[in-house]
Amino acid sequence: MAPVEILIIGCGIAGPTLATFLCLIDDMPAAQRPRITIVERASEHVTHARGQNIDVRGVGVAVLRRLGIEGLVRRSTTGEAGVRLVDERNRVWAASAADRTGLSQTPTADIEILRGRLSEICWRNSLRASAEVEREREQGGGGTGRGIEYIFGDYVEELDQGDGDKVHVRLAKSGLRRSFDLVVGADGLHSRTRKLVWGAEGEGDRVKRLGMYAGFFSIPREGETDDAWRRWFHTPGRRSVMLRPDGTGRRTTVLMSVVKDDDSADDENQKLAELAARGHAGVAVQKALLEEHFRDAGWECERILRGMGATDDFYFDMVAQVKMDRWSKGRVVLLGDAGYCASPISGLGTTLAFTAAYNLAGCLQEYIKGTTPDPSSALVAYEAKMRPVVEEAQRLAPGQAYLMHPETAWGIRMSHLFASFVLYIKSISTFLGKLFPFGPQMADEVPLEEYGFKVMPGWELEDKSLKQ
Ligand SMILES: Cc1cc2nc3c(=O)[nH]c(=O)nc-3n(C[C@H](O)[C@H](O)[C@H](O)COP(=O)(O)OP(=O)(O)OC[C@H]3O[C@@H](n4cnc5c(N)ncnc54)[C@H](O)[C@@H]3O)c2cc1C
């Protein structure tokens with residue numbers, strides 16, 4: 001039987017993680033190993049330079065361990081000490097320190113890392129796994145099995161699975177035409193794979209906007225106030241700014257959020273959503289829009305807006321969740337944010353991406369080994385394993401984005417007082433978190449199935465070429 005040909009679209013977090021686990025399938029001849037291609041729209045440099053603080057929790061950390069990168073990831077964290085809610089004079093109204101004991105999930109997770117840094121580690125780790133497959137083949141396995149092929153700076157323009165046995169794709173830039181046994185869309189919240197296969201017209205029902213729009217970027221670190229703590233400043237009109245450490249001590253990362261009262265198709269919401277959908281092509285307008293919203297906001301916004309104007313790592317997006325009845329159609333399956341984005345306010349998007357990549361690779365083993373004739377049963381099993389986890393991760397309090405962003409100065413004061421009260425009885429909230437594992441707590445409750453993957457040796461080398 002010819003090796004299974006798999007195309008993974010997207011080299012963010014979920015894509016390279018899946019590729020790595022597919023290389024770690026044990027107990028199969030080198031000639032039978034899947035032929036994996038990853039196509040990533042951004043250039044190699046850009047995809048590893050953008051995105052700010054993300055977290056990995058509970059079951060996600062267990063996956064990092066199996067990938068052999070837990071140590072490296074821990075050495076690359078931002079070192080955030082916790083979160084402080086501050087007012088315009090930098091007075092702290094409530095604080096929540098990071099929990100390092102593993103007893104509870106706090107707003108600052110055990111692992112806080114820059115998204116670009118983590119995606120670079122995942123990609124480079126997949127290169128390690130790929131090299132191991134190549135070595136195995138050269139050492140006598142022979143055949144057509146090979147490591148991972150990477151195509152950066154291109155994307156799938158046409159996708160056709162008319163005959164049912166293969167998925168035929170055409171790449172936009174190179175015009176390359178290729179056929180695959182399975183295509184995995186790991187291309188994020190605005191997934192083009194999802195639109196190509198499920199139809200662009202249904203996107204309004206699948207992508208649930210949460211009324212929140214955010215700019216992520218970094219500015220030079222300044223003064224005494226930029227320290228290891230995350231500072232979260234709210235200003236009337238449902239706006240907030242977070243300043244956070246980047247782990248190098250040279251930059252401060254920024255999350256600027258605007259929340260709109262009504263997430264219907266009103267003009268302002270529509271304009272913000274369209275701007276987000278323009279991605280990197282819309283940077284100038286996206287920056288101008290944030291400038292307009294925060295010009296009068298006070299606090300440190302003047303220097304933040306100055307820094308935003310000069311930064312080249314700016315990323316703007318809407319905060320949304322993706323909800324679908326099925327994550328696969330024929331031989332195409334969605335993975336990570338593309339199929340079930342939980343949104344940054346869930347605190348679980350990256351943990352989901354790791355867990356799902358691990359489970360999808362596990363479910364695909366029998367198909368890849370040739371025991372089952374097509375991937376359909378594997379895709380059903382993947383969905384059955386991930387559906388309850390995703391539903392739990394996507395559970396947010398009604399109107400959570402609005403509750404986190406009061407409209408008036410009085411509302412902000414009340415929310416600060418409420419937060420300080422809750423944190424004061426933190427011992428009780430930790431206990432309650434264990435009893436009712438909602439929100440980020442659930443990351444500790446998800447079991448990781450054993451699929452018998454080869455063990456990836458730990459990445460001990462302090463790799464200087466990682467962007468720090
Ligand atoms: C540039 C960027 C910055 C981000 N910054 C943050 C952040 O600061 N905070 C936060 O909480 N979350 C951020 N996220 C989202 C976060 O990475 C994900 O929620 C989470 O890690 C799940 O990962 P994923 O692999 O499913 O998706 P993603 O990490 O979004 O990865 C998707 C990948 O697919 C690529 N891609 C997109 N379209 C195509 C296409 N048509 N063809 C080929 N490749 C494509 C993207 O360039 C990206 O590399 C960011 C995502 C991106 C892409």
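Side chains included, hydrogens not; waters and symmetry mates left out as well; all remaining heavy atoms used. Owing to the predicted nature of the structure, the values given are computational and were not obtained by experimental measurement. Numbering of ligands and ligand atoms starts at 1, following listing order.
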Margin query: Going by the rule ring pair (Phe, Tyr, Trp, His ring centres under 6.0 Å), which residues pair with F453 if we only count those two or more places apart in sequence or in a different chain?
Written below: F21, Y358, Y451

Checklist line | Carboxylate-amine/guanidinium contact E203 R194, below 4.0 Å | finding: yes

Notebook entry, point to check: Are the side chains of I9 and Y155 in touch, meaning some heavy atoms are under 4.5 Å apart?
Noted result: no

Check: Heavy-atom contacts under 4.0 Å between L352 and ligand 1: side chain, backbone, both, or neither?
Finding: neither

Next item on the list: With heavy atoms of I9 as the reference, note each atom of ligand 1 found under 4.0 Å away.
Entry: 42 (N), 43 (C)

Margin query: Please state which option from A353, A342, G51, A338 has its nearest heavy atom closest to atom 5 (N) of ligand 1.
Written below: G51

Next item on the list: Just need the protein heavy atom nearest to atom 21 (O) of ligand 1, so name the residue and atom and give the distance.
Entry: T350 OG1, 3.1 Å

Notebook entry, point to check: Tell me, which protein residue and heavy-atom name are nearest atom 8 (O) of ligand 1, and how many Å apart are they?
Noted result: Q52 N, 2.7 Å

Margin query: Would you say that D227 contacts P245 through its side chain, given a criterion of any heavy-atom pair below 4.5 Å between the two side chains?
Written below: no

Next item on the list: May I ask which of D337, D187, L118, L114 has a heavy atom nearer to atom 18 (C) of ligand 1 than the others do?
Entry: D337

Check: Which pair of heavy atoms, one from L210 and one from I345, lies closest together, and at what distance?
Finding: CD1-CD1, 4.1 Å

Notebook entry, point to check: Below 4.0 angstrom, N of the basic side chain to O of the carboxylate: do R117 and E120 qualify?
Noted result: no

Next item on the list: Answer with side chain, backbone, both or neither: which part of R115 has a heavy atom less than 4.0 angstrom from an atom of ligand 1?
Entry: side chain

Next item on the list: Check whether any side-chain N or O of R221 sits under 3.5 Å from a backbone N or O of D246 as a donor-acceptor pair, and report yes or no.
Entry: no

Checklist line | Short N or O distance, A14 and ligand 1, threshold 3.5 Å exclusive | finding: yes

Next item on the list: Identify which of T253, I54, L18 has a heavy atom lying nearest to atom 13 (C) of ligand 1.
Entry: I54

Check: Could you give all pairs that pass the ring pair (Phe, Tyr, Trp, His ring centres under 6.0 Å) test and reach residues 333-354, with sequence neighbours left out?
Finding: W327-Y340

Notebook entry, point to check: Please state which protein non-hydrogen atom is closest to atom 43 (C) of ligand 1 and give its distance, to 0.1 Å?
Noted result: R41 N, 3.1 Å

Notebook entry, point to check: Which atoms of ligand 1 have any heavy atom of F216 under 4.0 Å away?
Noted result: 7 (C), 8 (O), 9 (N)

Next item on the list: Please check if the distance between the ring centroids of F152 and W123 is under 6.0 Å.
Entry: yes

Check: So which heavy atom in the protein is nearest atom 47 (O) of ligand 1, and how far is it from that ligand atom?
Finding: E40 OE2, 2.6 Å

Notebook entry, point to check: Counting each atom of ligand 1 from 1 as listed, which ones have a heavy atom of R192 under 4.0 Å away?
Noted result: 41 (N)

Item checked: For N53, atoms of ligand 1 separated by under 4.0 Å from a heavy atom -> 9 (N)

Notebook entry, point to check: Which ligand 1 atoms does G336 reach within 4.0 Å, using its non-hydrogen atoms?
Noted result: 26 (O)

Check: Quick one: which ligand 1 atoms are inside 4.0 Å of a heavy atom on A186?
Finding: 32 (C), 33 (C), 34 (O)

Next item on the list: Below 4.0 angstrom from a heavy atom of G188, which ligand 1 atoms are there? Numbered from 1 as shown, please.
Entry: 27 (O), 30 (O), 32 (C)

Next item on the list: May I ask you to test the T350-R115 pair for a side-chain heavy-atom distance under 4.5 Å?
Entry: no

Check: Which of parallel (below 30°), tilted (30 to 60°) and perpendicular (above 60°) describes F216 and Y315?
Finding: tilted

Checklist line | Shortest protein contact, atom 4 (C) of ligand 1 (heavy atom only) | finding: Y315 CE2, 3.2 Å

Margin query: Would K287 and F316 count as a cation-pi pair here, with the cationic atom under 6.0 angstrom from the ring centre and within 45° of the axis?
Written below: no

Next item on the list: For P344, counting its heavy atoms only, list the atoms of ligand 1 lying under 4.0 Å from any of them.
Entry: 11 (O)

